[in-house]
Amino acid sequence: IARVKVWVSGTNGFDHNATTPTEDLVVSPPGVAVPTLDNHNVALSAGTHPAQYWKVGFYDAWGSELAVSAQATIPAYP
């Protein structure tokens, strides 16, 4: 693994290929110290926020997509 990308969207069922990643992390050297934790700030409006949806993708050193996770949800608050 040489690159890890994270996408977050307010659209359920979003296409990661049509969405700009919120994180694009280069792993150097490849395969070593792959990130396992990332923080994403969710903007609050009057103390609430709608659900957010996210995916994470893994890429090789040549930029080929190895795998992209299924969509997961950051629940709405409150």
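All values reported here derive from a predicted model rather than from experimental measurement. Residue numbers run from 1 in the order of the sequence given.
- Val27 and Val6 fall within the same hydrophobic cluster, where Ile, Leu, Val, Met, Phe, Trp and Tyr residues are linked whenever their side-chain heavy atoms come under 4.5 Å apart, directly or through other members.
- Closest non-hydrogen pair, Ala51 versus Ala76, comes out as N-CB, 3.6 Å.
- Identified under the side-chain hydrogen bond (donor to acceptor under 3.5 Å, both in side chains) test for residues 2-20, with sequence neighbours left out: Arg3-Asp24, Asn12-Gln71, His16-Glu65.
- Interatomic distance, Ile1 CD1 to Asp60 CG, rounded to the nearest 0.5 Å: 10.0 Å.
- Hydrophobic clustering (ILVMFWY, side-chain heavy atoms < 4.5 Å, transitive): Val8 and Phe58 are in one cluster.
- Note on residues 30-46: no pairs pass side-chain hydrogen bond (donor to acceptor under 3.5 Å, both in side chains), not counting sequence neighbours.
- Closest heavy-atom contact between Thr73 and Trp54: N-NE1, 4.0 Å.
- Closest of all the heavy-atom pairs between Pro78 and Gly47 is CD-O, 4.2 Å.
- Proximity of Val56 to Val4: side-chain heavy atoms (C-beta onward) are separated by under 4.5 Å at one or more points.
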